[in-house]
Amino acid sequence: MSEAITTPSNFIRNIIDADLADGRRTEVVTRFPPEPNGYLHIGHAKSICLNFGLAESYGGRCHLRFDDTNPAKEEDEYVEAIKRDVAWLGFDWGDHLYFASDYFDQLYAWAVQLIKDGKAYVDSQSAEQMRANRGTLTEPGVDSPYRNRSVEENLDLFERMKKGEFPDGAHILRAKIDMASPNLNLRDPAMYRILHAEHHRTGDTWCIYPMYDFAHGQEDSIEGITHSICTLEFEAHRPLYDWFIAQLGIHAPQQIEFARLNLSYTVMSKRKLLQLVEEGLVSGWDDPRMPTISGMRRRGYPAAAIRNFCERIGVGKADAWIDLSVLEDCVREVLNESALRRMAVLKPLKVTITNLPQPEVACRGANHPQQPERGERELLLTREIYVERDDFMEDAPRKFFRLAPGREVRLRNACVVRCDEVIKDDAGEAVELLCSCDPETFGANPADGRKIKGTIHWVSAVHGRQLPVRIYDRLFREENPDKAGDFRDCLNPESLLETRAWVEPALLEVAPGETVQFERTGYFTADAVDSKPGAPVFNRTATLRDSWAKLKK
RNA sequence: UGGGGCGUCGCCAAGCGGUAAGGCACCGGAUUUUGAUUCCGGCAUUCCCAGGUUCGAUUCCUGGCGCCCCAGCCA
């Protein structure tokens, strides 16, 4: 029997199943509606996977729509970056690429319609007055003195707002609902504001722009969205969206809210990410430490890992804090299957094999031990090699299965060596190890049956090369950087360590964007920006699990 | 002291009146020329609390408690 691939159940699927079952809906049309004011992050990935995933599994479609109603913050660079990221994640919006700005004429016509119906009016209070008259959480608001302007006057004023006769802030179009509503969003919310700003798509053809609240629901309606999925903070806005849709008498999408993703040891607000970029605290939106899609891509996280992650964490309405280890596990799961195995030494310690029978001994190393069909490459063992400093200890505990005076260890893909002598510098620091090898152990276990517990990696000092490597760690040292006052205070000073590693020759040919496993160390990806042909620069994507590190504690 | 949500293992999460899935983390143990991978095994008599309905409640009702969101001419 074949194993059924089951998509985890969640409350949104339950709602859709019910809608489909009772005929309330006959198809599923969703959308991912980013504002092009920044780069996408892992939280957006959750929404993208949800929306596109739902459309896919119900045989519907998912639109990519840019919510570009605020020209002051939006740019084409972001539009392009967002498209790139969604496509890279593996989703296809087909012909369904839309912009809120495509609907500006329609939105304007609807605003005029509401004015004519006596459902909207032009207010001329200042922003401060409006705020003062809005009331508080416990007290009702006060009607604006302009609330009962005639339809004619409202129409005239709104048209002149559009024509550019007034400066920013002079007037504003408001919905006439209820200044005493316990839901503040219903206290005559703003619909259109005057903004003499250049829009990234419509240029200067408009100087009034719809508010998100007056645009979003109608955009969904125009596109025939059936299930409008958004995050929890819009729950209290739903009655307003429903009100506009009802007044206008147009198709009503169903809004469903879910809890946004929170990841430990990172921040997720676009404002804070922008700040990190603008203040130069990271190298850019695609800095490999950023929780952005582009940062993770550059770091080497496979798209499949991010998709798995989004599936694994589920969808609910309870505030969720996901542990970073869940993401890392998803990354390792994919990379363990796909990455070729190579050897590289991060912190070198010289070893001389005093009795190597020939100047160089040809060895073979599997490209992937669990996938023999991927072949093997040749490795030349020479008299002088480098091993990892951490693989040697002067006074080693019993359980240390590596090099120590008098102890034996296996050189990965080669032979068994014993540490005979430690050469130290003036400071007493080991600078070189003199070892003797057992020539009978190339591709074989010791003939006398003695067990060699440890295997360490190495790089030939004559055939190896040095390459730049960037060791990345979590960007913040607090689980929740938002809770600690200024989030910048808990940046991890060791989130990036630039170093050089000794690598085996095959590593010179790793293509930009390709990920390999440095055996016993971690997964490393050739940086897509800084690598040159034949000279990759490696980013550490993820470490391997390390039960020895745990044991040490 | 307004309104809207949420509360199942350390972190997520299924469950929809019939006697607590799964993942991550964690702890054992096996295999291993990566202390990796893989593989076995352990990990909530209990579902925020207190009452109630019921033969039976995490699921229904009532009342508490706790947490989150809303007073932008941001989205």
Side-chain angles (χ1 to χ4, degrees), chain A residues 6 8-10 14 33-35 37 67 69-70 72-73 123 125-127 130-132 134-141 168-174 180-187 189-195 209 211-213 215-216 230-239 257 259 264 270-271 308 311-330 332-333 336-337 341 343 365-366 369-370 399-402 409-416 441 443-445 452-457 517-522 543-551:
Chain A
T6 55
S9 163
N10 63 52
N14 294 156
E35 181 192 12
N37 68 341
D67 247 316
T69 55
N70 185 356
K73 295 184 176 175
D123 196 350
Q125 296 182 100
S126 66
M130 261 182 72
R131 191 181 315 123
R134 185 153 27 230
T136 67
L137 293 179
T138 51
E139 307 156 45
D168 290 4
H171 303 284
I172 191 159
L173 184 70
R174 291 229 258 172
S181 173
N183 180 344
L184 303 238
N185 298 118
L186 263 21
R187 319 244 263 227
M191 291 167 59
Y192 262 93
R193 77 283 216 189
I194 300 173
L195 231 41
Y209 292 91
M211 297 291 292
Y212 173 86
D213 278 352
H216 196 87
C230 63
T231 42
L232 254 24
E233 67 270 28
F234 295 105
E235 208 153 21
H237 294 241
R238 192 173 62 219
E257 308 85 6
S264 61
K270 275 200 212 168
R271 199 204 97 228
N308 290 348
E311 189 115 309
R312 242 183 234 191
I313 58 176
V315 183
K317 298 195 68 158
D319 292 322
W321 272 94
I322 308 292
D323 199 286
L324 197 57
S325 67
V326 180
L327 213 208
E328 287 174 342
D329 183 73
C330 289
R332 290 193 191 104
E333 181 181 283
N336 177 49
E337 285 297 310
R341 269 56 179 187
M343 291 199 287
Q370 279 77 46
K399 306 276 264 178
F400 187 76
F401 306 138
R402 306 179 188 182
V409 78
R410 160 143 241 134
L411 292 180
R412 176 80 168 151
N413 299 128
C415 61
V416 172
T441 55
N445 283 320
I452 307 298
K453 287 288 286 183
T455 297
I456 65 172
H457 54 97
Q517 184 194 97
F518 289 1
E519 286 189 289
R520 302 209 314 132
T521 304
T543 59
L544 252 30
R545 280 201 191 82
D546 189 352
S547 56
W548 166 245
K550 247 183 249 165
L551 230 181

*Asks:* What protein N or O atoms touch nucleotides 25-30 of chain B N or O atoms at under 3.5 angstrom, if any, and at what distances?
*Replies:*
unit_1	atom_1	unit_2	atom_2	d
B:rC26	OP1	A:Lys550	NZ	3.1

*Asks:* With syn defined as a glycosidic torsion within 90 degrees of 0 and anti otherwise, which applies to B:rG72?
*Replies:* syn

*Asks:* Please answer whether the main-chain N or O of A:Thr543 pairs with a side-chain N or O of A:Arg332 as donor and acceptor at a distance below 3.5 Å.
*Replies:* yes

*Asks:* Across the strands shown, which category fits A:Gly454 at heavy-atom distances under 4.0 angstrom: base, sugar-phosphate, nothing?
*Replies:* nothing

*Asks:* Can you see which heavy atom on A:Ala366 is nearest to which on A:Asn413, and at what distance?
*Replies:* N-ND2, 4.2 Å

*Asks:* Mind checking A:Gln125 for me? I need base, sugar-phosphate or nothing, with any heavy atom below 4.0 Å counting as a touch.
*Replies:* base

*Asks:* Tell me, do A:Leu411 and A:Val416 make a side-chain contact under 4.5 Å, heavy atoms counted?
*Replies:* no

*Asks:* Can we say A:Arg238 and A:Glu257 salt-bridge, meaning some charged N sits less than 4.0 Å from an Asp/Glu carboxylate O?
*Replies:* yes

*Asks:* To the nearest Å, give me how far apart CG (A:Asn70) and C1' (B:rA75) are.
*Replies:* 8 Å

*Asks:* Which residues pass the salt bridge (Lys or Arg N to Asp or Glu O under 4.0 Å) test with A:Glu337, not counting sequence neighbours?
*Replies:* none

*Asks:* Evaluate the side-chain proximity of A:Leu184 to A:Arg187: yes if any heavy-atom separation is below 4.5 Å, no if none is.
*Replies:* yes

*Asks:* Quick check against the 3.5 Å criterion: does A:Ser264 have a side-chain atom that pairs as donor or acceptor with the backbone of A:Leu324?
*Replies:* yes

*Asks:* Counting just side-chain N and O atoms, does A:Arg187 come under 4.0 Å of either OP1 or OP2 of B:rA71?
*Replies:* no

*Asks:* Below 4.5 Å, heavy atoms only, C-beta onward: do A:Met343 and A:Thr521 meet side chain to side chain?
*Replies:* no

*Asks:* Can you check the distance between B:rC68 and B:rC61, where both ends of the measurement are the C1' atom (answer in whole Å)?
*Replies:* 26 Å

*Asks:* OP1 or OP2 of B:rU34 versus the side-chain N and O atoms of A:Thr521: is any pair under 4.0 Å?
*Replies:* no

*Asks:* Is A:Ala127 touching bases, backbone alone, or none of the nucleic acid, heavy atoms closer than 4.0 Å?
*Replies:* base

*Asks:* Determine the contact category for A:Ile313: base if any of its heavy atoms lies under 4.0 Å from a base atom, sugar-phosphate if only primed atoms, P, OP1 or OP2 are that close, otherwise nothing.
*Replies:* sugar-phosphate

*Asks:* Residues in ring-ring contact (aromatic ring centres under 6.0 Å, His included) with A:His457, at least two apart?
*Replies:* none

*Asks:* Could you list, one pair per line, each protein nitrogen or oxygen that sits under 3.5 Å from a nitrogen or oxygen of nucleotides 40-44 of chain B, together with the distance?
*Replies:*
none

*Asks:* What nucleic acid atoms does A:Met211 come within less than 4.0 Å of, heavy atoms only: base, sugar-phosphate, or nothing?
*Replies:* sugar-phosphate

*Asks:* For A:Lys399, which contact category applies under a 4.0 Å heavy-atom criterion: base, sugar-phosphate, or nothing?
*Replies:* base

*Asks:* What's the gap between B:rC9 and B:rG5 when it is taken at their C1' atoms, as a whole Å value?
*Replies:* 24 Å

*Asks:* Reckon A:Arg134 touches a base, only the sugar-phosphate, or nothing at all at heavy-atom distances under 4.0 Å?
*Replies:* sugar-phosphate

*Asks:* Using a heavy-atom cut-off of under 4.0 Å over every strand shown, decide if A:Ala444 touches base, sugar-phosphate, or nothing.
*Replies:* base

*Asks:* Have a look at A:His171 and say if it touches a base, only the backbone sugar-phosphate, or nothing, with a 4.0 Å heavy-atom cut-off.
*Replies:* nothing

*Asks:* Decide yes or no, distance alone: a donor-acceptor N/O pair under 3.5 angstrom between the base of B:rG22 and the side-chain of A:Arg312.
*Replies:* no

*Asks:* Looking at the side chain of A:Leu551, which of B:rG35, B:rU34, B:rC24 is the nearest nucleotide?
*Replies:* B:rG35

*Asks:* Looking only at non-hydrogen atoms, find the nearest pair between A:Asn70 and A:Glu35 and report the distance.
*Replies:* CB-OE2, 3.9 Å

*Asks:* Considering every strand and a 4.0 Å limit on heavy-atom distances, what is the contact class for A:Ser126: base, sugar-phosphate, or nothing?
*Replies:* base

*Asks:* Counting C-beta onward and ignoring hydrogens, is there a side-chain heavy-atom pair between A:Thr69 and A:His216 closer than 4.5 Å?
*Replies:* no

*Asks:* What's the shortest heavy-atom distance between A:Val409 and A:Gly454, and which atoms?
*Replies:* CG2-O, 3.4 Å

*Asks:* Within the structure shown, what part of the strands sits under 4.0 Å from A:Arg174 by heavy-atom distance: base, sugar-phosphate, or nothing?
*Replies:* nothing

*Asks:* What's A:Phe234 touching, base or sugar-phosphate or nothing? Going by heavy atoms closer than 4.0 Å.
*Replies:* base

*Asks:* Can you tell me the distance, in whole Å, between the CG atom of A:Asn336 and the P atom of B:rU34?
*Replies:* 13 Å

*Asks:* For nucleotides 1-5 of chain B, tabulate all protein N/O to nucleotide N/O atom pairs closer than 3.5 Å, reporting atom names and distance.
*Replies:*
unit_1	atom_1	unit_2	atom_2	d
B:rG2	N9	A:Leu137	O	3.1
B:rG2	N2	A:Pro182	O	3.3
B:rG2	N3	A:Leu137	O	3.3
B:rG5	O2'	A:Glu235	OE1	3.4

*Asks:* Would you kindly give the CD-to-C1' distance between A:Glu328 and B:rC12, to the nearest whole Å?
*Replies:* 16 Å

*Asks:* Please examine the side chains of A:Arg174 and A:Gln125, heavy atoms only from C-beta on, and report whether any two atoms are closer than 4.5 Å.
*Replies:* yes

*Asks:* CG of A:Asn185 versus P of B:rC74: gap in Å, rounded?
*Replies:* 15 Å

*Asks:* Tell me which of A:Asp123 and A:Phe400 sits closer to the 5' end of RNA chain B, going by the nucleotide each one is nearest to.
*Replies:* A:Phe400

*Asks:* Has A:Arg341 got a side-chain atom pairing as donor or acceptor with A:Gly365's backbone, closer than 3.5 angstrom?
*Replies:* no

*Asks:* What dot-bracket string describes RNA chain B from 5' to 3', counting Watson-Crick and G-U wobble pairs whose defining distances are under 3.5 Å, with [ ] for crossing pairs and | for pairs to another strand?
*Replies:* .(((((((.[[[..)..(...]]].(((((.......))))).....[[[[[..)....]]]]])))))).....

*Asks:* Using a 4.0 Å heavy-atom cut-off across all strands, classify A:Ala414 as base, sugar-phosphate, or nothing.
*Replies:* base

*Asks:* Locate the shortest heavy-atom distance separating A:Tyr192 from A:Met211; write the atom from each residue and the value.
*Replies:* N-CG, 4.2 Å

*Asks:* Take atom CZ of A:Phe401 and atom C1' of B:rU32, then tell me their distance rounded to the nearest Å.
*Replies:* 13 Å

*Asks:* Side chains of A:Trp548 and A:Arg402: closer than 4.5 Å at any heavy-atom pair?
*Replies:* yes

*Asks:* Look at all strands and tell whether A:Pro140 reaches a base, only sugar-phosphate, or nothing, counting heavy atoms closer than 4.0 Å.
*Replies:* nothing

*Asks:* Answer with yes or no whether the side chains of A:Ser325 and A:Asp323 bring together a donor and an acceptor at under 3.5 Å.
*Replies:* yes

*Asks:* Quick one: on RNA chain B, does A:Gln517 or A:Val315 contact a more 5' nucleotide (nearest heavy atom)?
*Replies:* A:Val315

*Asks:* Within the structure, does a side-chain N or O atom of A:Arg193 lie under 4.0 Å from either OP1 or OP2 of B:rC74?
*Replies:* yes

